[in-house]
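Report on one structure; see the data block that follows.
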Amino acid sequence: MYRSREWLFERIRRDRRLDPGVSGRALALRYKVSRNTVAEALRAPVPRRRKKPPPRVSVLEPVKGFIDAMLRADVVGPRKQRHTIERIVVRLAAEHDFELASYSTAREYVRKRRPAIVLEVTQGRRHLEGTVPQEKLPGEEAEVDFADVWLDLAGQRRKCVLFTLRLSYSGKAVHRVYATPSQEAFLEGHVEAFEVLGGVPVRHIRYDNLKPAVKQVCFGRSRKETSRWVSFRSWYGASAFYCTPGEEGAHEKGGVEQEGGRFRRKHLVPPPQVESLAELNERLAAIDMAEDARHVHGRPTSIGFDFEAERACLGPLPADGYDCGLDLTPTVHRNGRITVRQCYYSVPARFIGLQVRVKLLANELLIFEGRTVVARHPRLTRRYTYHDDLDHYLEILLVKPGAFAGAAALAQARAEGGFTRVHEAFWSAARTAHGEREGTRVLIEVLLLHRQLSAAAVVAGMETVMRIGSCSTDLVAIEARKAMEDLEGAATASREQSGDGGPGEHGEAGEGERGAGEGAKVISLHARPRLPVDNRPLPSVSKYDRLLKAAPATKSEEGTG
């Protein structure tokens with residue numbers, strides 16, 4: 001077992017102190033050391049430090065000056081034409097007739113010497129690496145950044161961006177996810193954050209040189225900004241501070257850089273599974289509120305506590321909101337699509353050949369007829385992709401039913417779940433009853449019912465009609481309306497039950513309520529009740545027979561004849 005020399009000295013001195021007559025030879029045998037070590041321990045309680053041996057003279061000692069000269073030349077020379085270890089060894093042998101240095105010996109010397117020479121040459125021309133703590137005042141500064149994030153959106157793995165705006169004083173942050181780091185997402189993120197915070201930082205907001213804001217990076221801090229970004233800042237009275245490009249600039253807004261990564265690791269791992277980005281952003285808003293109780297490292301108070309003191313120092317919001325969408329007027333192509341940012345979106349067929357007004361938002365694309373929204377699509381992020389709505393092509397498909405089976409809109413409706421198994425079964429039954437062409441027309445007529453009735457009611461109507469062995473469009477419309485009434489009655493009953501007193505205070509439930517509570521049976525025309533049998537005799541029509549007999553001719557009529 002290893003024992004230190006300090007422990008050994010303390011034991012020897014203790015034994016001599018307890019037994020003054022013990023000899024040095026006995027102590028040496030007891031601790032298995034030499035008598036010189038015992039004598040040294042008795043002279044001093046602390047062992048002397050061992051002397052380091054003199055450094056061995058390096059084999060490179062005669063040529064160290066030549067190697068240093070090569071390394072100094074590398075500092076001011078071209079970056080891609082610096083001396084390698086092999087080149088140094090070759091030059092020592094060729095120019096100085098020195099062949100004693102091995103590759104490993106030269107490599108070890110250069111590894112230690114090169115950084116020292118760089119410091120010597122650049123002394124006074126470069127800053128020391130390190131950070132300086134900063135003191136932030138309430139309501140003055142904020143930081144903004146985008147971070148990549150992966151999601152399972154509607155069953156598909158997609159790459160989106162996380163927008164983060166963080167107040168520098170309190171650490172209060174607002175997070176939102178968008179499909180792409182576009183200018184619309186950049187502006188909408190600011191609007192969301194300003195609404196949540198209730199104000200605008202009065203001094204400035206720190207940014208990278210993001211394309212939505214910066215058109216060109218000039219010398220120093222000067223930038224050429226995009227026109228929409230300048231108008232947005234003017235609208236909210238916000239000032240921008242642009243960081244230095246590259247890694248050095250990241251340290252100028254380190255708070256939001258760290259916040260984006262921390263939030264992603266804590267709340268977006270594993271990738272969240274959502275049906276839409278709106279659903280995810282609702283979750284993030286709740287998380288942001290819950291994080292007010294979190295403490296930033298090194299602070300005794302919570303984020304929410306510090307933000308309450310900072311809220312009053314923020315600048316006021318404008319009376320009206322800012323329209324972050326981009327207005328476009330594309331022409332509808334012959335295939336019923338428009339092209340926006342090299343992506344394709346379907347439009348109702350009646351607009352083919354016309355210009356339509358489009359509002360491009362961060363996560364959506366809206367198509368207007370006047371002030372009415374006639375189509376709504378999720379924003380696409382990959383070039384040459386498309387998003388079609390089957391309802392937009394129904395008028396064309398009525399004339400060309402043969403194109404229905406291979407329509408891209410049908411494939412997309414199946415993938416998104418809009419064209420259900422009930423639709424497939426009804427289409428199969430209609431083709432069996434009426435043939436391929438007419439059966440497809442029957443299905444298209446049923447799909448047109450979705451414009452007036454809810455999808456659940458139309459599906460219920462198709463199921464009822466198929467149960468009785470029919471595939472009539474009129475019957476589907478009748479049963480769908482009855483299903484719609486039952487659904488509305490059930491909703492009314494549930495609202496009354498959730499109110500004060502429930503339906504029991506107002507007497508018996510109405511007809512809609514009884515249907516919802518008792519599972520009212522849907523009666524089709526084929527299953528309607530028969531009329532009661534009438535045994536009364538048939539009425540006489542003899543009075544009407546006289547009207548059918550010809551009247552006798554008069555004399556004047558005979559004379560003229």
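Quick caveat: nothing in here was measured; it's all calculated off a predicted structure. For this chain, numbers begin at 1 and follow the sequence in order.
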Exercise. Determine the interplanar angle of the Y236 and F194 rings, folded into 0 to 90°, and report it as parallel if under 30°, tilted if 30 to 60°, perpendicular if over 60°.
Key: tilted
Quiz item: Is any NZ, NE, NH1 or NH2 atom of the basic residue among R350 and E395 found under 4.0 Å from an Asp or Glu carboxylate oxygen of the other?
Solution: no
Practice problem: Output yes when a side-chain donor or acceptor of S234 lies under 3.5 Å from a complementary backbone atom of V230, and no otherwise. | Solution: no
Self-check item: R379 (side chain) donor-acceptor with L361 (main chain) under 3.5 angstrom
Solution: yes
Self-check item: Whether over 12 other heavy atoms sit under 6.0 Å from R382 CZ
Solution: no
Quiz item: Pick one: which of R166, R203, K253 meets salt bridge (charged side-chain N to carboxylate O under 4.0 Å, His left out) with E141?
Solution: R203
Exercise. Could you check whether the rings of F146 and F163 sit parallel, tilted or perpendicular, using 30° and 60° as the cut-offs?
Key: perpendicular
Practice problem: Could you tell me whether E485 and K482 make a salt bridge, using a distance below 4.0 angstrom between a side-chain N and a carboxylate O? | Solution: no
Exercise. Please report the shortest heavy-atom distance between N363 and A179, naming the atom on each side.
Key: OD1-N, 3.0 Å
Quiz item: Under 3.5 Å, is there a donor-acceptor pair between the side chain of R176 and the main chain of A193?
Solution: no
Practice problem: Applying salt bridge (Lys or Arg N to Asp or Glu O under 4.0 Å), run through R233 and E225 and close with a yes or a no. | Solution: CA-CA 11 Å; R233 291 199 299 103; E225 300 175 304; 2.8 Å; yes
Exercise. Could you tell me which residues satisfy ring pair (Phe, Tyr, Trp, His ring centres under 6.0 Å) with F186, sequence neighbours excluded, listed by chain and number?
Key: H190, Y207, W229
Quiz item: Where do F232 and T226 land on the side chain to side chain contact (heavy atoms under 4.5 Å, CB included) test, with the steps shown first?
Solution: CA-CA 10 Å; F232 178 86; T226 59; over 6 Å; no
Exercise. Enter the distance from D145:CG to E143:CD here, rounded to the nearest 0.5 Å.
Key: 9.0 Å
Quiz prompt | E310 and S170: side chain donor to acceptor below 3.5 Å | solution = yes
Quiz prompt | Which atom of H392 lies closest to which atom of S346, heavy atoms considered | solution = ND1-OG, 2.9 Å
Quiz item: From Q273 CD over to R157 CZ, what is the distance, rounded to the nearest 0.5 angstrom?
Solution: 8.5 Å
Quiz prompt | Heavy-atom donor-acceptor pair, D327 side chain to R357 backbone, under 3.5 Å | solution = no
Exercise. Check for a donor-acceptor pair, side chain of D208 on one end and backbone N or O of C243 on the other, with a separation under 3.5 Å.
Key: no
Self-check item: Modelled atom types, side-chain donor and acceptor of E445 and T473, under 3.5 Å
Solution: yes
Quiz item: Would a distance-only check, ignoring hydrogens and angles, find a side-chain to backbone donor-acceptor pair under 3.5 Å from Q412 to D388?
Solution: yes
Quiz item: Is the shortest distance from a Lys or Arg side-chain nitrogen in E424 or R421 to a carboxylate oxygen in the other one below 4.0 Å?
Solution: no
